[in-house]
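Start at 1 with the first residue, then count along the sequence. What you are looking at is a predicted structure, and each value in this text was computed from that prediction instead of being measured. Only heavy atoms go into these numbers, but all of them, side chains included; no hydrogens, no water, no symmetry mates.
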Amino acid sequence: MPVRADKQHPSWTEQELDRLKKDFGDIFAIRTVLVTGADGFMGSHLTEALVHLGAHVHAFVRATSSGALNNIVHLRRQLKVHFADLTDRASVDYLLSELGEAPDKPYVFHLGAQAHVGESWHRPYETVMTNTVGTLNLLQSIVQQGLELEKFDTAGTSEEYGNVHEAVSHHHDFDDEGGLILHERSPINPKSVYATSKVAADFLTMNYHDAYGVPGVVTRMFNNYGSRQNPRYITGTIITQALEREQIELGNLEPLRDFCFCTDGVRGHLTVAAHGIPGDLYVYGQGENISMADWAALILRVGEEQGYWPQREIVSTPERFRPGASDVIALRVGYEKLKRETGWEPQVSWEEGISRTIAWYAANRDSWIGRVDWDQSAPKPSAVAERG
């Protein structure tokens, strides 16, 4: 049964769904697929795409006492949900033993993570356990159970690049104006607990490929945004504040980021899993960056033009800055390798992506109002999207 883009889940346009079928239908139809973090932001969009493609989807969702699903409840009858925990090796073993009974070689999309940079400073042990030890648990269980996979795609992050070290600046690429461009070969310099934990996950994926032949690839993402994203991320906090109050409180407005709409990100993961070479790394993103100040201004302009709010004011508050010298100054992807090998490139412009994202937040206030970090009367969130 195809997924349809309705009011609650306007993830994909009908044209995008048709193109998904054209580009990936022959690859993923009736194939066994496991998605970790399936109920998170990007995980839910990926799960939605795979269901539409006709894959037999196993959704790895972090076990909670309620057993509630936030983002894939509309798909509940079209996939198999496994409530488990990446940090609990027994539950990982149990899941993968069931996956081993599949009639084909499964694909694994590993998106489960504690994915919020700021939260990694407040929950460092949980971040490392989930992102690093959780990845190790998956890989070790695959090896010990002798599970043969088609591909194991680990979701990396642009945060792994950090800032340029002067001593290795000659290994970086810059444009004619001196702007930094980050490729697969660029040096990494993680500046947060989150980024370091993801570097470790990437390298573990490559270690297990080299040592045991696990067909691992790493898909390093550059700042995905879109519907369902936790409102504590930059795009969500701008939009939710603009919908609710006159003044938008942000942190450092100078850093540059490369924002990529979630459906293009899903196509990135599907492309790498379908065509990527095991043992290799791929990056994707929009291919251009923008300052936090200009990104906020663009969002406010689009929302004002479309009648979602009147004129709003942006203020920078020190309380929202990252600690010490941990802020990453500039992130911008050079995705030439992925385009050269597979033809992938982004299809959704910033204005279109922002418009679709605002529409989702405006239509789904109940999904985010209790999770924002700018409303002091709201209960403090206990988890961050992407754990799934």
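Between Tyr284 and Asn224, the closest heavy-atom pair is OH-OD1, 2.9 Å. The heavy-atom pair separating Val168 from His172 by the smallest distance is O-CD2, 3.8 Å.
The OG atom of Ser91 sits 9.5 Å away from atom CG of Leu96, with the distance rounded to the nearest 0.5 Å. Gln145 contributes atom CD, which lies 10.5 Å from atom CD of Gln140 (distance to the nearest 0.5 angstrom). Annotation: the span from His165 atom NE2 to His171 atom NE2 amounts to 12.5 Å, rounded to 0.5 Å. The structure places OG of Ser141 at 3.5 Å from CG of Asp93, a figure rounded to the nearest 0.5 Å. Taken from OG in Ser291 to CG in Leu253, the straight-line distance is 7.5 Å, to the nearest 0.5 Å. Here Lys151 contributes atom NZ and Ile27 contributes atom CD1; the two are 9.5 Å apart, rounded to the nearest 0.5 Å.
Counting heavy atoms from C-beta outward, Gln78 and His52 have side chains that stay 4.5 Å or more apart. Using a 4.5 Å heavy-atom threshold, the side chains of Leu46 and Leu270 count as touching. Using a 4.5 Å cut-off on side-chain heavy atoms (C-beta onward), Leu300 and Trp309 make contact. Two residues are said to be in side-chain contact when any heavy atoms from C-beta on lie closer than 4.5 Å; His58 and Leu79 fail this criterion. A heavy-atom distance below 4.5 Å is not found between the side chains of Tyr225 and Tyr233. Using a 4.5 Å heavy-atom cutoff, the side chains of Arg220 and Asp202 are in contact. Between Leu256 and Arg332, the closest side-chain pair of non-hydrogen atoms is not below 4.5 Å. Annotation: side chain of Asn131 is not in contact with side chain of Leu86 (no heavy-atom distance under 4.5 Å).
Asp39 contributes a side-chain N or O that, together with a main-chain N or O of Asn70, makes up a donor-acceptor pair within less than 3.5 Å. Proximity of a side-chain donor or acceptor of Ser44 to a complementary backbone N or O of Ala38 within less than 3.5 Å is not detected. Counting only distance, with no hydrogens or angles, the side chain of Gln247 and the backbone of Val315 share no donor-acceptor pair below 3.5 Å. Between the side chain of Asn189 and the backbone N or O of Asn163 there is at least one donor-acceptor pair closer than 3.5 Å. Judged by distance alone, with hydrogens and angles left aside, the side-chain atoms of His183 form a donor-acceptor pair with the main-chain N or O of Gly334 at under 3.5 Å. The backbone N or O of Thr157 lies less than 3.5 Å from a partner atom in the side chain of Glu160, making a donor-acceptor pair. Panel note: side chain Ser120, backbone Val117; a donor-acceptor pair is recorded below 3.5 Å. No donor-acceptor pair closer than 3.5 Å links the side chain of Glu351 to the backbone N or O of Val302.
Partners of Val133 according to the side-chain contact (heavy atoms from CB on, under 4.5 Å) rule, which considers only residues two or more places apart in sequence or in another chain, are Met129, Asn137.
Within 6.0 Å of the CD atom in Glu148, the count of heavy atoms belonging to other residues, nucleotides or ligands does not exceed 12. With a 6.0 Å radius and a threshold of 12 heavy atoms from other residues, nucleotides or ligands, Lys339 has its NZ atom at or below the threshold. Taking a 6.0 Å sphere around CG of Asp26, one finds it holds 12 or fewer heavy atoms contributed by other residues, nucleotides or ligands. Sparse packing is recorded around CZ of Phe203, with 12 or fewer heavy atoms of other residues, nucleotides or ligands lying under 6.0 Å away. Heavy atoms of other residues, nucleotides or ligands lying less than 6.0 angstrom from CD of Glu246 number 12 at most. Summarising the local packing, CD of Gln311 is surrounded by 12 or fewer heavy atoms from other residues, nucleotides or ligands at distances under 6.0 Å. The local environment of CD in Glu254 is sparse, with at most 12 non-hydrogen atoms from other residues, nucleotides or ligands closer than 6.0 Å. When the shell of 6.0 Å around OH of Tyr94 is examined, it contains 12 or fewer heavy atoms from other residues, nucleotides or ligands.
Under 3.5 Å, the side chains of Thr219 and Asp153 contain a donor-acceptor pair of N or O atoms. Thr130 and Glu126 share no donor-acceptor pair across their side chains, judged by distance under 3.5 Å alone. A donor-acceptor pair shorter than 3.5 Å can be found between the side chains of Ser355 and Gln306. A donor and an acceptor atom, one from each side chain of His116 and Asn230, are nowhere located under 3.5 Å apart. Side chain to side chain, Trp295 and Thr235 meet the donor-acceptor criterion of an N or O pair below 3.5 Å. No hydrogens or angles considered: nothing links the side chains of His275 and Glu341 as a donor-acceptor pair under 3.5 Å. Between the side chains of Tyr194 and Glu119, no donor-acceptor pair is found at a separation under 3.5 Å.
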Problem set entry | Trace of the side chain to side chain contact (heavy atoms under 4.5 Å, CB included) decision for Leu182 with Phe222 | CA-CA 10 Å; Leu182 297 164; Phe222 277 66; 4.0 Å; yes
Exercise. Which is it for Gln286 and Val333 under the side chain to side chain contact (heavy atoms under 4.5 Å, CB included) test, yes or no, and what are the steps along the way?
Worked result: CA-CA 7 Å; Gln286 200 72 10; Val333 73; over 6 Å; no
Problem set entry | Working for side chain to side chain contact (heavy atoms under 4.5 Å, CB included), residues Val328 and Tyr161 | CA-CA 9 Å; Val328 177; Tyr161 292 109; over 6 Å; no
For this session: Decide yes or no on side chain to side chain contact (heavy atoms under 4.5 Å, CB included) for Leu69 and Phe83, but give the supporting numbers first.
Result: CA-CA 10 Å; Leu69 296 174; Phe83 291 99; 4.1 Å; yes
For this session: Determine, stepwise, if the pair Arg312 / Glu244 fulfils salt bridge (Lys or Arg N to Asp or Glu O under 4.0 Å).
Result: CA-CA 10 Å; Arg312 298 299 198 209; Glu244 293 291 313; over 6 Å; no
Exercise. Please walk me through it: do Asp23 and Arg267 pass salt bridge (Lys or Arg N to Asp or Glu O under 4.0 Å)?
Worked result: CA-CA 9 Å; Asp23 292 344; Arg267 290 177 44 254; 5.0 Å; no
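Note on Leu281: it does not cluster hydrophobically with Leu149, by side-chain heavy-atom contacts below 4.5 Å among ILVMFWY residues. If you chain together hydrophobic residues whose side chains sit under 4.5 Å apart, Val199 and Met206 never meet in one group. Both Phe60 and Val214 belong to a common hydrophobic cluster when Ile, Leu, Val, Met, Phe, Trp and Tyr are linked at side-chain heavy-atom distances under 4.5 angstrom. Residues Val143 and Val218 do not share a hydrophobic cluster, defined by chaining ILVMFWY side chains whose heavy atoms lie under 4.5 Å apart. Both Val266 and Leu53 are members of a single hydrophobic cluster when ILVMFWY side chains are connected at heavy-atom separations under 4.5 Å.
Between Glu16 and Arg356 there is a salt bridge, since a side-chain N of the basic residue sits under 4.0 Å from a carboxylate O of the acidic one.
Ring-centre distance between Trp350 and Phe259: not below the 6.0 Å cut-off.
Relative ring orientation between Trp368 and Trp374 is described as tilted, the plane-to-plane angle lying within the 30° to 60° band.
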Sequence neighbours excluded and cut-off under 3.5 Å, please list the side-chain donor-acceptor pairs for residues 100-113, or say none.
unit_1 : atom_1 : unit_2 : atom_2 : d
Asp104 : OD1    : Thr32  : OG1    : 2.6
Asp104 : OD2    : Arg31  : NE     : 3.0
Asp104 : OD2    : Thr32  : N      : 2.9
His110 : ND1    : Thr36  : OG1    : 2.8
His110 : NE2    : Thr135 : OG1    : 2.9

